Colleague: 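Quick one: the structure is below, questions incoming.
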Amino acid sequence: MIGRLNHVAIVVPDLAAAAARYSGPLGATVSAPQALPDHGVRVVFVELPNTKIELMEPLDDGSPVAGFLAKSPSGGMHHVCYEVDDIAAARDRLVASGARVLGDGTPKTGAHGKPVLFLHPKDFDGCLIEIEQV
Ligand code: CO
């Protein structure tokens, strides 16, 4: 059911500094910063030949990733995003198999303007999974 790896997301304490590290020493193409108020984060995407890296910082103290930084002040890996063809069908299959979908199960609009859902990390080996309909 899951398809390509769309991106790996990393929480960073300072988005501008992190973006500069990727565009400078690592020599990657980095998108302009984008605020995602629905998700409480500001992000940039590092464009790689085979996937993307999403660098994210909290928009404010109430952000879901503010707690992540409180536990891991230097940042760290936050989630992986897999592509699916039909997010409603994917959700129904996951729920039927006993996996927990975060929130009320209604897809939100992700950074690429496409519907996304997040799956409980305890159901997937400690890894927060995002699925995105492409
Ligand atoms: Co993501």
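Everything numeric in this text was worked out from a predicted model, so none of it was measured. One-based numbering, in listed order, for ligands and for the atoms of each.
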Colleague: Checking side-chain polar atoms at under 3.5 Å, does E132 have a donor or acceptor matched by the opposite partner on H7?
Modeller: no

Colleague: Any donor and acceptor pair, going by atom type alone, linking the side chain of H78 with main-chain N or O of F68 inside 3.5 Å?
Modeller: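 Answer holds: no.
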
Colleague: List-wise, which protein N, O or S atoms are found short of 2.8 Å from the Co ion (ligand 1)?
Modeller: H7 NE2, E54 OE1, H79 NE2, E130 OE1

Colleague: Would you confirm whether R91, through its side chain, and L117, through its main-chain N or O, come within 3.5 Å as a donor-acceptor pair?
Modeller: no

Colleague: Atom CZ of residue position R100 - does it have more than 12 heavy atoms of other residues, nucleotides or ligands inside 6.0 Å?
Modeller: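 More than 12 heavy atoms, drawn from other residues, nucleotides or ligands, come within 6.0 Å of this atom.
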
Colleague: Have E54 and H79 got a donor and an acceptor in their side chains that come within less than 3.5 Å?
Modeller: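 Present: a donor and an acceptor within the cut-off.
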
Colleague: Quick one: do R42 and E57 make a salt bridge, cutoff under 4.0 Å?
Modeller: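 Answer for the salt bridge query: yes.
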
